[in-house]
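This report concerns only the one structure given below.
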2 protein chains.
Amino acid sequence: MEKLLKIFKALSDKNRVRILLLLTKKKLCVCEIQDILGVTVSTVSKHLSILRDCDFIIDEKDGKWVNYSLNTASKDIVLNQILLILPFYLNNDELIQSDFEKVNSVCRKNLCNILLNIS
Amino acid sequence: MEKLLKIFKALSDKNRVRILLLLTKKKLCVCEIQDILGVTVSTVSKHLSILRDCDFIIDEKDGKWVNYSLNTASKDIVLNQILLILPFYLNNDELIQSDFEKVNSVCRKNLCNILLNIS
DNA sequence: TCGTAATTTCGCTATTGAACGAATTGACAA
DNA sequence: TTGTCAATTCGTTCAATAGCGAAATTACGA
């Protein structure tokens with residue numbers, strides 16, 4: 001029961017659902033997700049830890065970066081069903097489509113250079 | 001998106017999940033659910049309005065009582081999948097099994113008489 | 001080693017949500 | 001119509017959570 005509630009709580013935040021949909025497209029690091037969602041890095045990091053804590057996503061170190069991707073290896077029926085249903089349900093959502101456009105053009109190195117130039 | 005979030009928020013509360021599982025067994029009125037969950041009538045009523053608001057359940061008047069039951073007529077893929085998965089996932093849950101034992105013996109008229117005698 | 005940059009953690013604020021009791025509503029029966 | 005009882009709504013309190021900025025952590029490269 002507790003695990004199930006944790007899953008539904010993870011799914012009841014818009015930005016976390018957006019992150020899951022983004023990760024259906026490709027692996028992303030924290031700062032790429034930050035750029036698309038428009039919230040701070042610490043907020044993104046917190047969302048990712050919640051999603052990871054219920055096994056929706058996995059992380060892997062890549063130099064200074066941490067790549068996040070969907071956990072497609074889970075045997076949990078709820079996790080698997082959710083990951084099947086979400087795209088089916090939301091691919092036509094206006095906000096999700098806008099996110100998908102951004103994720104195509106997002107570039108880790110440009111992004112970091114831009115942030116560098118600003119600060 | 002907003003509708004989906006509403007569904008996941010509805011599912012992220014333990015008492016609302018318990019109510020959904022109870023209603024897989026039979027139609028119930030507010031005071032019967034109150035007796036099983038052990039919270040106040042107003043709390044149960046609020047939970048039911050949240051579940052009804054995202055079409056998980058329907059209500060029908062029956063004299064002084066209001067019977068609640070699962071909405072099996074929905075065409076929403078998420079609602080249907082959730083209602084399929086929940087029992088599969090939770091039938092062996094300790095708390096849910098305890099609820100199921102209570103729901104067999106709960107009796108609307110005895111319940112109301114008992115409450116009457118106490119007050 | 002030391003600085004830099006990505007990420008995480010921490011402390012805080014504001015908002016949301018669950019719970020309760022009291023007051024109100026709605027429907028039946030005397 | 002009036003009283004009774006189930007249910008809902010309202011107002012309040014308390015806990016949980018999303019968000020931010022700052023500080024700490026981690027890993028690469030000079």
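Order of the sequence lines fixes the chain letters, A, B, ..., with proteins taken first and strands second; residue numbering starts at 1 for each chain. Side chains included, hydrogens not; waters and symmetry mates left out as well; all remaining heavy atoms used.
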Taking atom [atom2] of [N] as reference, at what distance in whole Å does atom [atom1] of [X] sit?
X	N	atom1	atom2	answer
A/Q34	C/dA5	CD	P	15 Å
A/W65	C/dA5	CH2	C1'	8 Å
B/F8	D/dT17	CZ	P	17 Å
B/D59	D/dA6	CG	C1'	13 Å
B/L28	D/dA7	CG	P	11 Å
A/K14	D/dT17	NZ	C1'	17 Å
A/N67	C/dA6	CG	C1'	12 Å
A/E2	D/dA16	CD	C1'	14 Å

Flag for B/S42-B/S45: side-chain donor and acceptor within less than 3.5 Å: no
Non-hydrogen side-chain atoms of B/C54 and B/I7 separated by less than 4.5 Å: yes
Show me the donor-acceptor pairs within less than 3.5 Å that the side chains of residues 99-106 of chain B make with the rest of the protein, sequence neighbours left out.
{"residue": "B/D99", "atom": "OD1", "partner": "B/R18", "partner atom": "NH2", "Å": "2.9"}
{"residue": "B/D99", "atom": "OD2", "partner": "B/R18", "partner atom": "NE", "Å": "2.8"}
{"residue": "B/N104", "atom": "ND2", "partner": "B/F100", "partner atom": "O", "Å": "3.4"}
{"residue": "B/S105", "atom": "OG", "partner": "B/K102", "partner atom": "O", "Å": "3.2"}

If you look only at distance, which donor and acceptor atoms sit under 3.5 Å apart when one is on a side chain in residues 71-78 of chain B and the other is two or more places apart or in another chain?
{"residue": "B/N71", "atom": "OD1", "partner": "B/A73", "partner atom": "N", "Å": "3.2"}
{"residue": "B/N71", "atom": "ND2", "partner": "B/D55", "partner atom": "O", "Å": "3.0"}
{"residue": "B/S74", "atom": "OG", "partner": "B/D76", "partner atom": "N", "Å": "3.0"}
{"residue": "B/D76", "atom": "OD1", "partner": "B/V78", "partner atom": "N", "Å": "2.8"}
{"residue": "B/D76", "atom": "OD1", "partner": "B/L79", "partner atom": "N", "Å": "3.1"}
{"residue": "B/D76", "atom": "OD2", "partner": "A/Y89", "partner atom": "OH", "Å": "2.6"}
{"residue": "B/D76", "atom": "OD2", "partner": "B/K3", "partner atom": "NZ", "Å": "2.9"}

Nearest-0.5 Å distance that lies between atom CG in A/N67 and atom NZ in A/K26: 10.5 Å
Sequence-aligned protein contact record of nucleotides 14-30 of chain C, with B where the base is within under 4.0 Å of a protein heavy atom and S where only the sugar-phosphate is: ---SSSBBB----SS--
Same cluster (ILVMFWY, side-chain, under 4.5 Å), A/L48 and A/V66: yes
Under-4.0 Å side-chain N/O to phosphate OP1/OP2 contact, B/Y68 with D/dA6: no
